[in-house]
Protein chains: 2
Amino acid sequence: MPYYIVVLGTAGSGKTTLASALQDYLINNGMDTAIVNLDPAVEVLPYKPDVDAREYVSARELMRTQGLGPNGALIAAVDMLALRIEELKEEVWSLKSNYIILDTPGQMEVFAFRETGPIIIDTLIGEHKAASLFLIDVVYASRPSNYFSALLLSASTQVRIGLPQINVLTKIDMVPENIIYEILSYHDDPTILATKVANDKKASIMWSESEILEILEKLVSSEIIPVSSTKLLGYNNLYAAIQRVVAGGEDFYTEEPSEKL
Amino acid sequence: MPYYIVVLGTAGSGKTTLASALQDYLINNGMDTAIVNLDPAVEVLPYKPDVDAREYVSARELMRTQGLGPNGALIAAVDMLALRIEELKEEVWSLKSNYIILDTPGQMEVFAFRETGPIIIDTLIGEHKAASLFLIDVVYASRPSNYFSALLLSASTQVRIGLPQINVLTKIDMVPENIIYEILSYHDDPTILATKVANDKKASIMWSESEILEILEKLVSSEIIPVSSTKLLGYNNLYAAIQRVVAGGEDFYTEEPSEKL
């Protein structure tokens, strides 16, 4: 039984780059890995997908043939993909791999916050063990209230997708190290972040510092894994976090008779 | 000084329909009202915008001239709109109206969860009094874990936009009344919702019932206003909620020398 890894995050958070780097990492460590592209609107991919949503439906084609605008085409494309979910599942389930990475649409909203996205994920995963990764761009996260907002969005997405979810801080090569340590420190001591958020005029309209802290204590109860997908930094930690979810922490463990199928 | 109303919500939550109905309601009550369309990708509008983002940038044109896909075009269009924010502001600030409604892009993600959307809102609103409305489709909300997810998303968005935010339950003509009462009851007694969410396999992976309740107590501390924009139901309550934010609750009050400019 392969393990499934679902890659989630807002547009530009680095989903496709991470999916590709994670595949390289797993292959380099002797694991056979497949990637499923679930984005019917993506134009360029850094990896060669083993299963590709664009062979089922194309957002660009929908614009041309159905007279839809870009917004409508993105939504319709995901809905149409869901209509062909049994064919898609058959193709995905025929893959022989230790790990199957599901790379989700560029814009998370058309996928996670509508009915069809979670149906696609549920059907493809079935009874397989799985983890979802929620990507947060470190440049965006370097403002405390943005990070608070991203953690709320991660929780909102987790409730929709319903998998054990790992928050991942992406593009860490793009900021000084002290910013990364600062963000990691929030997970050790949420009062640091709560104080900063409460001092941000925008974020403090809704709640007092003590209320922000109460919410944050839940949101930071899980760790965040810093990675750079271009420099392959942090992938040992990311892999360990995934393994803790799908295989109880065993290193490079797979339930297949052979690691390399 | 006009009051500003920002309409937010995921794709399909009813933003454009509500903006149009709210304008009708305000005009019917003697208030002069203008609508600003901030969506560079919308194809059809039910109202005639007083200021239109599409005169500054068109997502469809960007696809054609820049060779972008639908995803990239939506993002680039909002970013390009931000580059022309001073012109846009000048046009908006020249409007003579008691209320100015800002209708935001179809997909919230390209707007609320990137840098440019909040900059556009901040600049357009300036020192004016303003409220944001976060729309939640009642059909979507009728599953308890979806509603929990929507409240988390609303909070995440509020932190980004930084205005006093009112949650609005839209399309209430599409479900039986008992579903609406059920959702309203969560705001009187969050334990009802917490129990339901904890019983949902998807939502309960992350937190225990007591942890869900702790989060929910913060999220439901503000009310939710049920409306139907097609049948103009609930608009008195919606208007009253907006007035409590912008004018301290005074009925049909405006800071202009005349109600109808």
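Fair warning: this is a prediction, and the values are worked out from it, not measured in the lab. Numbered from 1 within each chain, the chains take letters A, B, ... in sequence-line order.
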Next item on the list: Indicate the atoms forming the closest heavy-atom contact of Gly162(B) with Ile205(A), along with that distance.
Entry: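 Looking at all heavy atoms of both residues, the shortest contact is O-CD1, 2.7 Å.
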
Checklist line | Heavy-atom pair of closest approach, residues Ala155(A) and Met206(B) | finding: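 It is O-CE, 4.0 Å.
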
If contact means a heavy atom pair closer than 4.5 Å, which residues of [range] contact chain B?
| range | result |
| --- | --- |
| residues 68-82 of chain A | Leu68(A), Gly69(A), Pro70(A), Asn71(A), Leu74(A), Ile75(A) |
| residues 127-147 of chain A | Tyr140(A), Ser145(A), Asn146(A) |
| residues 102-110 of chain A | Gly106(A), Gln107(A), Met108(A), Glu109(A), Val110(A) |

Under 4.5 Å heavy-atom distance to chain A, tell me which part of [X] shows up: side chain, backbone, both or neither.
| X | answer |
| --- | --- |
| Glu214(B) | side chain |
| Asp122(B) | side chain |
| Phe113(B) | both |
| Leu163(B) | backbone |
| Ser221(B) | side chain |

Contacting region of [X] [heavy-atom separation from chain B under 4.5 Å]:
| X | value |
| --- | --- |
| Ile161(A) | backbone |
| Glu43(A) | side chain |
| Glu115(A) | side chain |
| Asp200(A) | neither |

Next item on the list: Please examine the side chains of Lys202(A) and Val159(B), heavy atoms only from C-beta on, and report whether any two atoms are closer than 4.5 Å.
Entry: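 Not touching, per the 4.5 Å side-chain cut-off.
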
Next item on the list: Taking heavy atoms only and a threshold strictly under 4.5 Å, list by residue number the residues of residues 54-65 of chain B that touch chain A; give 'none' if the list is empty.
Entry: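 Result: Ala59(B), Arg60(B), Met63(B).
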
Note to self: How long is the straight-line distance from CG of Leu151(A) back to CG of Leu152(B), given to the nearest 0.5 Å?
What the structure shows: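 These two atoms lie 11.0 Å from each other.
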
